[in-house]
Amino acid sequence: MAILKVNDLNVYYGSIHAVKGVSFEVEEGEIVTLIGANGAGKSTTLNTVAGLLKPRSGSIEFEGESLLGIPAHKMVSKGIALCPEGRRIFQNLTVRENLDMGAFTRSDSEAAEMREVVYDRFPRLKERLNQRAGTLSGGEQQMLAMGRALMSKPKVMMLDEPSMGLAPILVQEIFDIIKVVNETGTTVLLVEQNAHMALSVADRGYVLETGRVVKTGTGLELLNDDDVKKAYLGG
Amino acid sequence: MGFLTNLINGISLGSVYAIIALGYTMVYGIAKMLNFAHGDVIMVGGYICFIAMNNLGLPPVVAVLLSMVGCTCLGIVVERLAYKPLREAPSLAVLITAIGVSYLLQNTALLVWGADPKAFRSIVDLPSIKLLGGQLTVAPISIVTVLANVAIMVGLTLFTTRTKMGKAMRACSEDKGAAQLMGINVNTTISMVFAIGSGLAAIAGVLLCSTYPTLMPTTGSLPGIKAFTAAVVGGIGSIPGAALGGILLGIIEIFAKAYIGTQLADAIVFGVLIVVLLIRPAGLLGQEIREKV
């Protein structure tokens with residue numbers, strides 16, 4: 001059974017119809033990616049699942065239970081974490097404090113346990129615990145954003161453009177970490193403009209264009225699809 | 001010795017401004033609004049304490065606690081009824097509402113307690129302390145005020161850096177959306193900040209009235225505006241900034257009164273605001289807003 005099931009989702013910004021009947025499913029243990037150009041509705045979809053935006057219609061089910069009407073701050077305790085676009089770490093808080101905020105809904109002992117996991121995944125964060133997060137480099141900030149999301153011990157971790165603005169070597173590092181996070185039992189829903197990287201780690205992918213799903217398949221199928229190649233993989 | 005006396009009085013008055021400024025700055029930090037009714041919460045705090053001491057005959061400590069509880073509740077109720085419905089509204093609407101709440105509180109006080117000034121009895125009923133062979137006199141309330149300010153600053157610093165809710169407050173101040181993604185209930189956090197700010201306003205009201213013992217419905221408005229100035233001078237949104245701005249303004253005001261003239265003192269205080277804002281638009285300890293792309 002799908003852990004996350006989105007059906008016929010419609011989201012508006014005022015009168016702008018940003019997401020037009022998007023449906024997709026994420027099975028437990030999978031990495032699923034939504035790819036597409038700027039403005040295709042990928043981030044809107046994630047933000048709606050996270051409860052930051054209210055859909056006009058459609059359904060979102062998590063572990064068979066509807067998420068509609070549940071405020072964003074209650075999603076974390078259900079097991080859904082979003083690592084948002086642009087990272088949005090708390091710049092004036094230290095690295096350690098940012099991680100603590102990630103575990104806001106967890107008990108102290110759970111937080112301590114997850115801290116060890118996060119230090120293990122991101123040794124560079126451990127070296128900078130008392131540094132103000134705003135002074136980290138872009139790559140480190142991305143790692144902190146992911147570490148912070150991981151601190152809530154999510155069942156599904158949603159990542160919005162984790163590769164944005166990063167050097168290729170860092171992009172590789174980030175995607176390697178995403179794979180490890182997935183292999184250690186976290187389901188991943190990934191939104192990316194870097195379609196090549198996303199499809200090479202994903203089990204399955206959905207292609208979004210102007211608010212609609214236009215194509216779906218396994219990562220490999222989409223990587224070899226002529227239309228996808230032409231539109232997103234540079235021929 | 002005049003200089004030293006003035007300095008002590010300045011620091012004491014400045015400590016009151018600092019405690020009021022904290023309320024402005026914390027509320028601004030999290031709700032991005034200027035709560036112009038904050039000064040009037042001070043006045044309400046003064047009245048509650050006055051009634052508890054004079055009409056109910058309660059000991060000062062109990063009266064102060066009662067005043068804090070009353071103002072904390074008032075702060076939460078005002079936020080819930082007047083500001084929360086305007087969370088998504090333009091900031092001008094919120095500002096006008098705050099001014100409206102300010103007048104509402106003043107006029108309600110006028111109705112309930114009348115326009116006659118009440119003679120506030122100091123919460124510290126001790127004789128003045130004479131130092132340096134009687135040349136320097138210090139009012140005990142000045143010492144209590146300064147100590148209260150130090151205790152509050154230390155307490156708030158510990159709260160915002162050591163506790164989960166305090167860190168959540170700072171996280172909310174920075175990015176409400178991201179804070180929600182952490183599972184932080186932004187509305188509860190904002191309520192909490194209003195509660196803390198209003199509780200502090202009660203303390204400030206009691207200390208202010210103990211030093212300047214005339215209590216009337218407009219008692220809070222001028223100190224409120226000066227404390228707002230202090231918050232801006234120090235850098236709005238910054239807790240140490242509120243302390244620095246408050247004490248600086250208190251000292252400037254007392255010195256201006258002593259050496260230049262009482263009439264000009266307020267003009268000088270607000271003149272300082274203009275100068276500081278011209279030189280450092282974000283305030284002395286305020287942060288320029290930077291965006292990392």
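Every chain is numbered from 1, with letters handed out A, B, ... down the list of sequences.
Closest non-hydrogen pair, B:A168 versus A:F104, comes out as CB-CE1, 3.6 Å.
Side-chain contact between A:L52 and B:L181 is present, with at least one heavy-atom pair separated by less than 4.5 Å. Looking only at side-chain heavy atoms (C-beta outward), A:N92 and B:R170 stay at 4.5 Å or farther from each other.
Here the CZ-CE distance, from A:R88 to B:M182, works out to 9.5 Å after rounding to the nearest 0.5 Å. To the nearest 0.5 Å, atoms OG (B:S173) and CZ (A:F90) are separated by 10.0 Å. Atom CG of residue A:L93 and atom CG of residue B:D175 lie 11.0 Å apart, to the nearest 0.5 angstrom.
Your options are B:T161, B:V186, B:N185, and the one with the most heavy-atom pairs under 4.5 Å with chain A is B:N185.
Only the backbone of A:A103 comes within contact range of chain B, judged by heavy atoms closer than 4.5 Å. Contacts between A:R96 and chain B at a heavy-atom distance below 4.5 Å are absent for every atom of the residue. Interface remark: A:I89 contributes backbone atoms only to the contact with chain B (heavy atom separation under 4.5 Å).
Around the CD1 atom of A:I169, the shell of radius 6.0 Å holds no more than 12 heavy atoms that belong to other residues, nucleotides or ligands. Applying the 6.0 Å contact sphere to NZ of A:K5 captures no more than 12 heavy atoms from other residues, nucleotides or ligands. The number of heavy atoms from other shown groups lying within 6.0 Å of CZ (B:R80) does not exceed 12. Heavy atoms of other residues, nucleotides or ligands lying less than 6.0 angstrom from CD of A:E127 number more than 12.
Close approach to chain B, defined as a heavy atom under 4.5 Å from one of its heavy atoms, is seen in A:A72, A:H73, A:V76 of residues 64-76 of chain A, taken by number.
A salt bridge links B:K167 and A:D100; the closest N-O separation between the charged side-chain nitrogens and carboxylate oxygens is under 4.0 Å.
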